[in-house]
A.B. asks: 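Here's a structure for you.
Because only heavy atoms are used, hydrogens play no part in the values below, and waters and symmetry mates are left out as well, while side chains stay in. Here is how names work: the chains are called A, B, and so on, in the same order as the sequence lines, proteins then strands, and each is numbered from 1.
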Protein chains: 2
Amino acid sequence: MTKSITLNDIAIKLNVSKVTVSKALRNHPDISENRRREIKSVASQLGYIPNFVARNLSSKKTRTIGVIVPVIANSFFADIIESIYNCAFKNDYNIILAVSQEDSEKERKHLETMLSMRVDGVIISIAEHSENKDFFNIIKKRGIPIVFFDRTIDEKEFSSVTLSNKDGAFKAVQKAIENGYSKIGHIAGWKDSNIGRDRYRGYKQALKKSGIKLNSDWVLFSGFGKKDGYDSFMKMHQENKLPEILFAVTFPVALGIQEAAKEVGVNIPKDLDIICFGDSKLNDYLNPSISCVTHNTTEFAEAAFNLLLKQINAGDKFADEHLEIETKLLLKETCIKNIKDTK
Amino acid sequence: MTKSITLNDIAIKLNVSKVTVSKALRNHPDISENRRREIKSVASQLGYIPNFVARNLSSKKTRTIGVIVPVIANSFFADIIESIYNCAFKNDYNIILAVSQEDSEKERKHLETMLSMRVDGVIISIAEHSENKDFFNIIKKRGIPIVFFDRTIDEKEFSSVTLSNKDGAFKAVQKAIENGYSKIGHIAGWKDSNIGRDRYRGYKQALKKSGIKLNSDWVLFSGFGKKDGYDSFMKMHQENKLPEILFAVTFPVALGIQEAAKEVGVNIPKDLDIICFGDSKLNDYLNPSISCVTHNTTEFAEAAFNLLLKQINAGDKFADEHLEIETKLLLKETCIKNIKDTK
DNA sequence: GTGAAAGCGCTAACAG
DNA sequence: CTGTTAGCGCTTTCAC
């Protein structure tokens, strides 16, 4: 077990001070080209590995950002994490990952840990029912930049990057109307979550624009997971309140609907059509694949990361920003009434 | 921007030394029940958040482990990460995540970063062509425990947790034989990777046991991703060298085969049957779903984490261990020749 | 039980 | 350009 070598070891060997070594290794302009080369060569020859813990303590920067997501084994978040991860790597930042598992308390704990680890910033997509509003304020007061993505809190004093939730939902529902549907239901997300609320708004707006009255029998509010879609469908089905088409608040919800429908022999899209907000790698393997509102993951992740970076670099004099990433309607094998009709 | 409060602030407020506060907060037996309660109450009232950077520097422990995987947006690794993540959380460890993207150099960089961050240990699944053998030795010499999982290096002086690769492959191929196939091909992984090599061994052994001669026309070596499966199938197809059934080294490879087959009008499982090592959430949505060798993700992740933990706690006097996680054959809608025959 | 002293390895600020 | 001084906030002896 070799003792790990320090700045001092290099300094002694070269008969310079450890400050000089430190500067040389960090390419500080103070040090001459020659010295630097010399020092670096000795460092690598000795197998020097800087101690970031010490560096971070003294510099009060960690070049580490915390990323908190509600789930990870989910194509949407896995993809985003991978993208954020790439951005971080390119910019020489490290990532501490945490998963809240939709649990507000765990989320809180992770945030505390990240503060303790002195991350330079946090990117977070909050849990379904996050109750950490006050804690986000504490973080802010400490001067730690925080960027909310996808699932945000409502306070406008926090930077956020979201999808164009309302607009995307609007486009989806409008397409359903265009395709001849008028009995349009919505398996919606919790209204206290921005994505639930805004997609619901888009849904309502599209109906309104076409003069269709909202039938509350066809609207159910719950979570964003597969099970929520499954349960909601089953409820509507049992109560015999199925519309012609359901607009699902997320892809997993649509997946749950599809699974439930299959189970009780409701054919999609013949007996019940669906469309949803959000795509997945899985979609192309579904039968039928689901027409959906989609987005560019890389663009989304980069926006969040760059916003955080900007905020980190700006320090106090940063004004919060709220970015919205454009969404597109992607037509696949559902939401196709006209097509069926003309066959 | 509030100044962050330190041990000292609490100490002053209570007129004790910061050592006492430090001990109380860490439940050190030195401190009396009363004092501890008092101190903790003041700490929380002041909104004290410990500075792990300082703590880590002085204690030389970080309660952080590094996890390196080749990819993340892949059901196998996403699931494992989530499971490892859960273990870590339960045991009060933090995770630094890194993705090598199958790139040996990135892998190396990540390892260095983790050493610099002074992680207490590393769990890694190496890149397809990792050339960091010497670096793993450096890590070991530094006394940093490292556990390889799934994709390991061959050196026996490193702890590892793998699936029962040879045995699983054997079972899969034997099932193909049982079902009446004799022309059995293998889209194999690189032979220099343990999973490629061992699954290939299982394949050969199953053939041998039944007295079937291996036909090298039907065996192709490449990587572990979807594209590799796609390309391999295309090659065999163009050269008109397709067997009756292909055993794919991983699920993504099988997926690639399926996609390619569809493209050129080869029906699976009628014209060409398949079976593979490894399952995926996606599998149930495939048509046909693929019979495969599967495992228990939680068991796998826990084994890796616990082994690392054991190693961390044991310090120098730890002897390397090599665990193998049992695999099972899961029959779905492929590898069904007999079923077809008897129809 | 409590605390004073020493230092983890590094960097910031300043002086030469 | 180079080096000295002084910590960063905490834990670890070890003495009381």
Side-chain angles (χ1 to χ4, degrees), chain A residues 2-40 42-43 46-64 112-113 115-120 142-143 315, chain B residues 2-40 43 46-64 112-113 115-120 142-143:
Chain A
T2 56
K3 155 186 174 303
S4 75
I5 88 128
T6 71
L7 279 189
N8 224 0
D9 299 325
I10 302 174
I12 290 170
K13 182 142 187 176
L14 278 163
N15 232 302
V16 292
S17 84
K18 65 181 181 184
V19 181
T20 307
V21 178
S22 167
K23 282 179 178 168
L25 259 26
R26 285 176 294 142
N27 297 318
H28 195 292
D30 265 7
I31 274 57
S32 71
E33 187 55 29
N34 277 348
R35 260 252 182 292
R36 176 178 341 196
R37 242 202 295 280
E38 183 188 25
I39 289 174
K40 281 194 174 177
V42 173
L46 254 46
Y48 172 71
I49 293 181
N51 182 334
F52 286 176
V53 181
R55 171 185 293 182
N56 295 344
L57 179 61
S58 115
S59 72
K60 303 191 169 260
K61 295 248 163 292
T62 56
R63 283 200 92 80
T64 297
E112 277 192 47
T113 303
L115 288 195
S116 280
M117 296 180 99
R118 295 298 192 261
V119 294
D120 290 345
R142 294 208 161 213
Chain B
T2 55
K3 156 186 173 303
S4 75
I5 88 128
T6 72
L7 278 188
N8 223 0
D9 300 326
I10 302 174
I12 290 170
K13 180 141 187 175
L14 279 164
N15 233 304
V16 292
S17 83
K18 65 183 180 184
V19 183
T20 307
V21 179
S22 168
K23 282 180 178 166
L25 259 24
R26 283 175 296 141
N27 298 318
H28 194 292
D30 266 7
I31 274 56
S32 69
E33 186 55 28
N34 277 349
R35 260 253 183 291
R36 176 180 341 202
R37 241 204 294 280
E38 183 188 26
I39 289 173
K40 281 196 175 176
L46 254 46
Y48 171 71
I49 293 181
N51 182 334
F52 286 176
V53 181
R55 171 183 294 182
N56 295 344
L57 179 61
S58 98
S59 73
K60 302 190 172 262
K61 295 247 161 295
T62 56
R63 282 200 93 80
T64 298
E112 277 192 47
T113 303
L115 287 195
S116 280
M117 295 180 100
R118 295 297 191 260
V119 295
D120 291 346
R142 293 207 161 213

A.B. asks: Please report the distance, rounded to the nearest Å, between NZ in A:Lys18 and P in D:dG7.
C.D. replies: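 After rounding, the gap between these two atoms is 14 Å.
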
A.B. asks: Would you say D:dC10 has OP1 or OP2 under 4.0 Å from some side-chain N or O of B:Ser22?
C.D. replies: no

A.B. asks: I need the minimum non-hydrogen distance between A:Ile49 and B:Glu112, along with the two atoms involved.
C.D. replies: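 Heavy-atom minimum between the residues: CG2-O, 4.2 Å.
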
A.B. asks: Write down the distance between CD1 (A:Ile31) and P (C:dA12), rounded to a whole number of angstrom.
C.D. replies: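 Nearest whole value for this atom pair: 13 Å.
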
A.B. asks: Rounded to the nearest angstrom, tell me the gap between atom CZ in B:Phe52 and atom P in D:dC10.
C.D. replies: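 Nearest whole value for this atom pair: 11 Å.
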
A.B. asks: Within the structure, does a side-chain N or O atom of A:Arg55 lie under 4.0 Å from either OP1 or OP2 of C:dT11?
C.D. replies: yes

A.B. asks: Rounding to an integer number of Å, can you tell me how far A:Leu7 CG sits from C:dG9 P?
C.D. replies: 10 Å

A.B. asks: Please report the distance, rounded to the nearest Å, between CG in B:Asp30 and P in D:dC16.
C.D. replies: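 After rounding, the gap between these two atoms is 17 Å.
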
A.B. asks: Rounded to whole Å, please give me the gap between CD1 in B:Ile39 and P in C:dT2.
C.D. replies: 8 Å

A.B. asks: So what does A:Val16 hit on the nucleic acid, given a heavy-atom distance under 4.0 Å: a base, only sugar-phosphate, or nothing?
C.D. replies: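 Contact class for A:Val16: sugar-phosphate only.
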
A.B. asks: Nearest whole Å is fine: how far is C:dG7 C1' from B:Asn56 CG?
C.D. replies: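 Distance check: B:Asn56 CG to C:dG7 C1' gives 16 Å.
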
A.B. asks: Side chain of B:Arg26 only, heavy atoms from C-beta on: which candidate in D:dT2, D:dG9, D:dT11 is closest?
C.D. replies: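 When the side chain of B:Arg26 is considered, D:dT11 is the closest of D:dT2, D:dG9, D:dT11.
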
A.B. asks: If we check salt bridge (charged side-chain N to carboxylate O under 4.0 Å, His left out) with A:Glu38, which of these qualifies: A:Arg35, A:Arg36, A:Lys40?
C.D. replies: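 Result for salt bridge (charged side-chain N to carboxylate O under 4.0 Å, His left out) with A:Glu38: A:Arg35.
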
A.B. asks: Report yes if at least one side-chain N or O of A:Tyr48 is closer than 4.0 Å to OP1 or OP2 of C:dC10; otherwise report no.
C.D. replies: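 It does, given that an N or O in the side chain of A:Tyr48 lies less than 4.0 Å from OP1 or OP2 of C:dC10.
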
A.B. asks: Taking CG from A:Leu57 and P from D:dC8, how many angstroms apart are they, rounded to a whole number?
C.D. replies: 9 Å

A.B. asks: Between C:dG9, C:dA13, C:dG3, spot the one nearest the side chain of B:Lys23, thanks.
C.D. replies: C:dG3

A.B. asks: Strictly below 4.0 Å: does B:Lys60 bring a side-chain N or O up to OP1 or OP2 of C:dG9?
C.D. replies: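 Answer yes for this pair, as a side-chain N or O of B:Lys60 is under 4.0 Å from OP1 or OP2.
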
A.B. asks: In terms of the nearest nucleotide of DNA chain C, which residue is placed more toward the 5' end: B:Ser59 or B:Pro29?
C.D. replies: B:Pro29

A.B. asks: Return the minimal non-hydrogen interatomic distance between A:Pro50 and B:Arg118, and the atom names on each side.
C.D. replies: O-NH1, 3.8 Å

